[in-house]
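Input: a single structure, listed below in structure tokens.
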Protein chains: 2
Amino acid sequence: MVTSTSQDVAKKAGVSVATVSRVLNHSPHVSPNVQRKVLRAVKALNYQPNRSAQRLRAKRSHVIGIIISDIQNPFFTAVVRGIEDIAYKHGYSIVLCNSDEDADKEQLYINVMRAEAVAGVILASTSETNPHVHGLIAHHIPVVAIDRRIKDRQVDSVLVANAQGAFEAVTHLIELGHQRIGLIGLPPTRTPGVERYEGYQRALRERGLPVSRKYVCWGNAKLQGGHDCALQLLDLQPPITALFVANNLMTLGALSALRERQLQIPNQISIVGFDDMPWAPLLQPPLTVVAQPTYELGQQAAELLVDRLEHQEKPVARLQLQSNLIVRGSTGPVPISA
Amino acid sequence: MVTSTSQDVAKKAGVSVATVSRVLNHSPHVSPNVQRKVLRAVKALNYQPNRSAQRLRAKRSHVIGIIISDIQNPFFTAVVRGIEDIAYKHGYSIVLCNSDEDADKEQLYINVMRAEAVAGVILASTSETNPHVHGLIAHHIPVVAIDRRIKDRQVDSVLVANAQGAFEAVTHLIELGHQRIGLIGLPPTRTPGVERYEGYQRALRERGLPVSRKYVCWGNAKLQGGHDCALQLLDLQPPITALFVANNLMTLGALSALRERQLQIPNQISIVGFDDMPWAPLLQPPLTVVAQPTYELGQQAAELLVDRLEHQEKPVARLQLQSNLIVRGSTGPVPISA
DNA sequence: ACAGGGTCTGAAATCGTTTACAAATGTAAA
DNA sequence: TTTACATTTGTAAACGATTTCAGACCCTGT
């Protein structure tokens with residue numbers, strides 16, 4: 001079997017390649033008769049346009065680039081799935097890149113996107129002031145920022161109401177009587193880290209509680225980071241009675257630290273995680289979390305991008321999705337001893 | 001900023017485009033002097049070859065296609081990450097597709113791969129006799145099968161020793177005294193489903209235990225499937241005392257079913273899952289599982305593919321990776337009452 | 001009958017590379 | 001000095017699509 005080209009189709013249908021192209025691109029002014037002939041030839045030869053040639057000539061492409069930090073983070077997994085489903089619906093494929101929060105790797109991949117002439121890019125940027133994206137925008141490759149803000153007035157974005165989510169989580173803890181609440185935070189160099197910290201602070205302040213730096217530990221967004229931060233915060237005197245962990249994998253790490261210390265949840269310490277997971281309700285006790293609409297976030301980003309591709313000049317959209325506090329068993333009243 | 005082409009570089013360096021191409025492709029017979037000039041121009045203009053043009057002309061591409069069933073399955077997440085890391089090292093990008101075990105969707109994506117002229121495809125096939133892959137092989141696009149065998153002597157493959165893994169898990173249960181062991185299996189239309197069932201049967205047979213169809217339930221590989229199957233198997237009389245679940249998400253579903261029935265693990269029932277997860281040790285009790293080398297599987301597949309791209313005619317490779325039974329707390333002796 | 005305007009179709013240029021071929025130059029052997 | 005041959009470079013033809021331009025054809029109104 002050999003790939004058939006528009007030439008072959010043209011010959012078989014007894015028309016020119018130009019006509020073949022016109023039929024396939026639904027351009028007007030082509031007689032129903034010819035159209036039928038061409039479509040029959042297309043089917044007979046199982047013809048598929050060579051996308052490289054299309055891209056080269058028409059500068060049109062059916063690929064969406066995604067740059068995230070790590071597909072192994074369940075948050076991004078769900079986001080990517082949301083993107084893919086919408087992309088599929090509109091006939092796009094996705095090329096996926098993991099930046100690992102490394103600006104150089106991100107830069108490289110942005111260059112790849114340009115070289116591959118993707119239609120658009122959905123990006124969880126490694127920083128809010130991202131100089132690399134200009135390379136895309138200058139080439140009229142639209143960018144949609146997800147999860148992390150990009151300080152550029154030209155990019156659409158879909159973010160989560162991080163501050164509000166953190167605020168609700170910490171307020172929940174305060175209402176249970178907790179006063180010394182540890183935060184295992186994300187590095188404050190990106191939106192989620194900044195905003196979740198803000199929410200944490202605001203909740204304490206509104207209830208007249210002191211905000212102390214010693215209750216805060218910045219982790220590396222991985223399991224290990226949560227584990228190490230938890231151990232550090234557990235050593236404080238007087239001891240903390242509750243823990244708010246700003247990311248899913250770090251919550252896992254914190255939980256294993258709590259288990260090592262043989263602390264009873266929630267009798268001796270309460271814990272709230274950020275981002276819900278399928279296994280969260282199955283833990284003992286079930287985990288209280290701030291759920292994020294991850295799958296929807298991906299969908300919205302993809303919709304926004306596809307829409308932008310079809311309407312170059314539409315106004316910039318900035319979506320903010322609401323989070324949702326799900327109270328399960330890992331949060332309870334302050335220990336009597338404290 | 002406008003994209004610069006090889007023309008621009010040629011002009012700036014005072015040479016022809018052919019020479020530019022030669023320098024960039026490390027072809028021999030180019031004087032060091034000219035080489036230096038070209039490289040300087042490349043850097044000055046921040047030139048990046050247009051990959052569509054390259055692909056069109058040279059039929060060479062820097063993209064690897066991945067078709068899996070669902071990126072939200074943690075198994076595939078790890079596999080994809082393994083692939084990506086190796087691909088990155090060799091200068092390839094990846095385009096990712098979810099087939100959702102739907103043969104039509106798979107077919108469509110295989111066509112996309114062909115149209116996109118990817119360098120090669122890594123495929124978790126929806127069936128062992130996959131007619132669609134011929135469309136790729138006929139076009140000399142190499143295919144590497146992962147997780148599921150493809151009955152075609154031309155494809156490299158990386159599989160897991162499923163039967164052995166299941167055998168060890170069930171033998172472990174038998175040695176604890178269990179005699180009525182339920183299996184929540186994967187559909188026996190694909191390799192993991194078939195082989196894990198084989199291992200289950202062989203373990204029972206070798207210990208002289210009866211193999212009964214009523215102890216087996218085929219789930220849909222999702223949470224829901226595990227949940228429904230568990231409920232069904234728990235209704236049997238006399239009751240089963242142990243459960244072997246052939247997939248990670250179904251294990252989660254089964255666990256929630258056990259919780260609904262308020263069954264104590266492992267006092268009232270033992271459970272073994274297939275595929276280890278970061279949260280498995282954090283469950284109460286920690287989950288006994290058959291761990292698969294998921295990340296390595298992805299790496300091996302990518303290595304195999306890259307190797308094949310560089311050595312067209314090398315002999316077909318079939319790798320089988322070992323699994324590893326990790327005994328934690330969810331398996332214990334048979335309940336006294338039973 | 002003819003000009004004017006629309007509809008349909010094809011020839012040829014084009015996108016940015018790679019590569020076959022030829023030309024130019026240099027070097028060594030006769 | 002001439003010849004033979006290797007090395008280096010350039011010219012131009014691909015690759016397979018889209019798109020501009022112009023020509024052919026068919027109406028319609030004068």
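Note that the coordinates shown come from a computational prediction; the quantities given were computed from them, not determined experimentally. Below, chain A is the first sequence line, B the second, and so on; all start at residue 1.
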What is the distance, to the nearest angstrom, from the CD atom on A:Q35 to the P atom on C:dT9?
10 Å

Mind checking if B:T5 touches a base, just sugar-phosphate, or nothing, with heavy atoms under 4.0 Å?
sugar-phosphate

Result for 5'-nearest mapping on DNA chain C, choosing between A:H29 and A:V17, is A:H29

Atom pair distance, as rounded to whole Å: CG in B:L56 and P in C:dG16:
12 Å

Given atom CZ of A:R60 and atom C1' of D:dG16, what is their separation to the nearest angstrom?
13 Å

Taking the side chain as every heavy atom from C-beta outward, state whether B:Q154 and B:V143 have any pair of such atoms under 4.5 Å apart.
no

Salt-bridge contact A:E84-A:K89 (side-chain N to carboxylate O under 4.0 Å):
no

Rounding to 0.5 Å, atoms CG (A:L321) and OG1 (A:T294) come to a distance of 10.0 Å

Measure from CD on A:Q48 to P on D:dA17 and round the result to the nearest Å.
11 Å

Starting at the 5' end of DNA chain D, which residue's closest nucleotide do you reach first, A:P49 or B:V15?
B:V15

Note: B:K12-B:D8 ion pair, threshold 4.0 Å (strictly below)
no

Nearest-nucleotide comparison on DNA chain C, the residue closer to the 5′ end among B:T19 and A:A53:
A:A53

Contact between A:S127 and A:T189 at the side-chain level, heavy atoms closer than 4.5 Å - yes or no?
no

Answer with base, sugar-phosphate or nothing: what part of the nucleic acid does A:S21 contact at a heavy-atom distance below 4.0 Å?
base

Distance check needed: D:dT9 P versus B:K37 NZ, whole Å only.
8 Å

Within the 4.0 Å heavy-atom criterion, would you say A:V20 contacts the bases, only the backbone, or no part of the nucleic acid?
nothing

Can you measure B:K11 atom NZ to C:dG16 atom P for me and round it to whole angstrom units?
12 Å

Does C:dT18 have its OP1 or OP2 closer than 4.0 Å to a side-chain nitrogen or oxygen of B:Q54?
yes

Scan nucleotides 20-24 of chain D against the protein and return all N/O pairs shorter than 3.5 Å with their distances rounded to 0.1 Å.
none

Separation of A:L24 atom CG from D:dG16 atom P, in whole Å?
16 Å

Find out whether B:V306 and B:L304 are in side-chain contact, i.e. whether some heavy atom of one side chain is under 4.5 Å from a heavy atom of the other.
no

Ion pair check, B:D156 and B:R318, cut-off under 4.0 Å:
no

Under a 3.5 Å distance rule, please check whether B:S61 uses its side chain to pair with a backbone N or O of B:A119 as donor and acceptor.
yes

Given C:dT17, is OP1 or OP2 found less than 4.0 Å from the side-chain N or O atoms of B:S6?
yes

Can you measure B:K59 atom NZ to C:dG16 atom P for me and round it to whole angstrom units?
18 Å

Among D:dC15, C:dT18, D:dT18, find the nucleotide with the atom closest to the side chain of A:N25.
D:dT18

Can we say B:R55 and A:E116 salt-bridge, meaning some charged N sits less than 4.0 Å from an Asp/Glu carboxylate O?
yes

So, do B:V144 and B:L123 sit near enough that their side-chain heavy atoms are less than 4.5 Å apart?
no

Take the C1' atoms of the five end pairs on each side of the helix from C:dA1-D:dT30 to C:dA30-D:dT1, derive the two axes, and give their angle rounded to 10 degrees.
60°

